[in-house]
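Since the structure comes first, as structure tokens, the remarks are kept for the end.
Because only heavy atoms are used, hydrogens play no part in the values below, and waters and symmetry mates are left out as well, while side chains stay in. Order of the sequence lines sets the chain letters (A, B, ...), proteins ahead of strands, with each chain counted from 1.
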Amino acid sequence: MRILVRLLSTLLALAVAAAGGLLALETAWQWWRPDGAPLLLPWPRWLDALAGLRWDAPVVRLTAALTALTGLVLMLVAAAARRRAVRLHDPATEVSVTMSPRSLARAVGQHVRAQDNVSGATVTANAKKVRVRARSALEDEEGLRPRLTESVSTLLGDVPLVRHPKVSVVVDSPKDRR
Amino acid sequence: MSDRTVSARALSRPYGAERSLAFGIGLLGLAAGVLALVVGFGWLGTYRAGRPVVDPLAVDWLSAQPVLARSVAVAAGVLLFAGGLWFLLRCLRPEGRPDIRLDTSVGRELTVTAGAIASAVRADAESVEGVGRARVRAVGDPDSPALRIELWLREGADLLRIWQQLDADVLARARESLEREVLPTAIRLELGAAQRRRVR
């Protein structure tokens with residue numbers, strides 16, 4: 001998302017600069033030499049075309065809807081491009097530490113897979129929540145879930161995280177399917 | 001407050017301005033689109049919706065004061081052009097690697113280049129047990145430089161011990177050799193990614 005926002009803002013800055021330059025250039029040229037206009041863009045033709053269009057024309061509505069939608073998407077992309085790194089406690093003054101959410105998930109995953117009766121696990125993590133989905137052929141959800149929740153919480157307790165994420169564990173076991 | 005310290009800002013390249021620009025232009029687009037839809041569906045009056053997009057009323061009003069309208073258009077165009085260009089250069093500029101100036105008194109200037117300090121700290125950090133790979137660079141503006149250290153830890157590395165060793169050995173040595181009380185440092189950890197697992 002951050003790369004996308006960087007790319008988009010670069011393109012937007014370019015577009016803003018181009019639009020502003022053309023606006024200033026065309027207006028100044030038309031002011032200086034009314035007979036010589038237009039200079040680069042056929043804007044009198046655009047004006048004529050727009051003068052023949054009514055606000056309730058379908059093409060105007062469609063363009064407006066597309067503009068609004070594009071704006072909304074842009075806002076959402078910009079809002080989603082926040083820092084996702086998980087903050088850890090500062091070990092000393094002027095030292096800040098973060099960990100990628102993927103690293104946290106990887107550490108939890110390795111820990112869960114090393115537990116008894118767990119045949120596999122997928123983990124997703126962010127600063128607020130760690131979700132574990134474990135598979136087990138030998139133990140059902142009833143027995144395994146409290147144990148895994150407990151042990152993952154202990155593991156996370158050993159990592160000096162600024163805020164302790166909630167742990168949610170789901171166990172996928174054939175013993176529960178009857 | 002802790003979010004605004006030099007070290008916290010050094011954690012990653014700041015994107016606040018880029019995000020604000022994208023958000024602002026998105027907001028403008030949304031507002032303009034919704035306004036045009038409102039007009040187009042006749043919620044501002046049925047006759048309003050039936051009028052042309054380039055309204056003769058507005059055109060007449062503008063041509064009644066040609067100097068003002070043109071001046072405003074030229075000024076707005078120049079401002080947009082300058083602002084857009086400034087922002088474009090800002091987006092395209094790579095993140096700076098400031099040198100660290102230790103002594104600025106005349107005749108005794110002493111500067112450590114960004115590359116020198118980066119490779120020294122990197123060698124130190126990689127010697128810590130459990131650290132597979134390290135990447136170090138100087139970031140920030142020249143007045144308040146900071147170090148950004150990215151560490152890839154090996155699988156099963158003891159985080160707390162590495163933590164202590166980093167501060168006690170690596171950063172302490174860097175501070176000592178630079179004769180600084182504090183050296184703003186941002187550390188980014190990656191766990192268990194350095195080692196590839198062998199297929200059995």
Side-chain angles (χ1 to χ4, degrees), chain A residues 2 5-6 8-10 12-25 27-28 31 47 50-56 60-61 64-75 77-79 81 83 85 90-100 103-104 106-107 110 158-160, chain B residues 2 5-8 11-12 15 18-19 21-23 25-30 32-34 36-37 39-42 48-54 70 73-74 76-81 83-85 87-88 91-92 155 159-160 163 166-167 171 182-193:
Chain A
R2 315 201 79 179
V5 164
R6 256 195 96 184
L8 280 178
S9 60
T10 309
L12 286 173
L14 190 66
V16 167
L22 286 172
L23 174 67
L25 203 64
T27 315
W31 199 351
L47 276 186
L50 286 178
L53 270 182
R54 288 153 43 123
W55 279 106
D56 54 4
V60 174
R61 287 182 186 170
L66 283 181
T67 309
L69 193 69
T70 313
L72 191 66
V73 169
L74 202 56
M75 278 168 71
V77 168
R83 289 183 185 183
D90 300 355
T93 47
E94 282 297 335
V95 179
S96 299
V97 188
T98 58
M99 179 189 272
S100 65
S103 288
L104 191 61
R106 204 180 278 138
Q110 280 162 9
D158 289 342
V159 182
Chain B
S2 68
T5 58
V6 176
S7 60
L11 279 169
S12 61
Y15 282 118
E18 279 89 343
R19 282 179 68 194
L21 179 82
F23 193 86
I25 291 188
L27 194 64
L28 272 181
L30 182 65
V34 167
L37 277 182
V39 172
F41 278 102
R48 174 81 264 170
R51 294 192 64 86
V53 175
V54 176
R70 283 165 174 166
V74 171
V78 168
L79 275 182
L80 284 178
F81 179 68
L85 213 57
F87 208 96
L88 183 69
C91 286
L92 294 179
E155 215 168 284
L159 193 59
L160 287 178
W163 201 262
L166 262 183
D167 188 51
L171 296 179
V182 284
L183 179 65
T185 309
I187 302 177
R188 288 161 47 156
L189 294 175
E190 293 285 339
L191 300 183

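Taking chain A as the reference chain and counting heavy-atom pairs below 4.5 Å, the highest number among B:Gly40, B:Ala36, B:Gly29 is found for B:Gly40. When B:Pro184, B:Ala49, B:Gly42, B:Ala73 are compared by the number of non-hydrogen pairs under 4.5 Å with chain A, B:Ala49 comes out ahead. Interface check for chain B: of the options A:Leu72, A:Val159, A:Thr27, the most heavy-atom pairs under 4.5 Å are formed by A:Thr27. For chain A, the option among B:Val39, B:Leu21, B:Val54, B:Ile25 with the highest count of heavy-atom pairs below 4.5 Å is B:Val54. In terms of non-hydrogen atom pairs under 4.5 Å with chain A, the most contact-rich of B:Gly83, B:Ala76, B:Ala186, B:Ala32 is B:Ala186.
Contact record, B:Val74 with A:Ala28: CG2-N, 4.0 Å, taken as the closest heavy-atom pair. Residues A:Trp55 and B:Pro52 come closest through the heavy atom pair NE1-O, 3.6 Å. The minimum heavy-atom distance between A:Ser103 and B:Leu189, with the atom names listed, is OG-O, 3.7 Å. For the residue pair B:Ser7 and A:Ser96, the shortest heavy atom distance occurs at OG-OG, 2.8 Å. Closest approach of B:Cys91 and A:Thr10 over heavy atoms only: CB-OG1, 3.5 Å.
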**Item:** Verdict with reasoning, A:Leu104 to B:Leu191, per side chain to side chain contact (heavy atoms under 4.5 Å, CB included)
**Value:** CA-CA 7 Å; A:Leu104 191 61; B:Leu191 300 183; 5.8 Å; no

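The side-chain tip of A:Arg61 points at the ring of B:Phe41 from less than 6.0 angstrom away and within 45° of straight on.
When side chains are defined from C-beta on, B:Trp163 counts as touching A:Val97, because their heavy atoms get closer than 4.5 Å. Taking 4.5 Å as the limit, every side-chain heavy atom of B:Ile187 sits out of range of all side-chain heavy atoms of A:Thr98. Residues A:Glu94 and B:Leu183 are not in side-chain contact: their nearest non-hydrogen atoms beyond the backbone lie 4.5 Å or more apart. A 4.5 Å side-chain heavy-atom check between A:Arg54 and B:Val53 finds every atom pair outside the cut-off.
Neither the backbone nor the side chain of A:Ala85 comes within less than 4.5 Å of any heavy atom of chain B. In this structure, chain B has heavy atoms under 4.5 Å from both the backbone and the side chain of A:Val95. Looking at A:Leu8, neither its backbone nor its side chain comes within 4.5 Å of chain B, counting heavy atoms on both sides. Interface residue B:Leu37: backbone and side-chain heavy atoms are both found under 4.5 Å from chain A.
Considering CZ of B:Phe81 and CG of A:Leu22, their distance stands at 9.5 Å, rounded to 0.5 Å. Of the inter-residue distances, the one linking A:Asp90 atom CG with B:Asp167 atom CG reads 10.5 Å to the nearest 0.5 angstrom.
Applying the side-chain contact (heavy atoms from CB on, under 4.5 Å) test to B:Ser12 and every residue at least two apart in sequence or in another chain returns A:Arg2, A:Arg83, B:Arg188.
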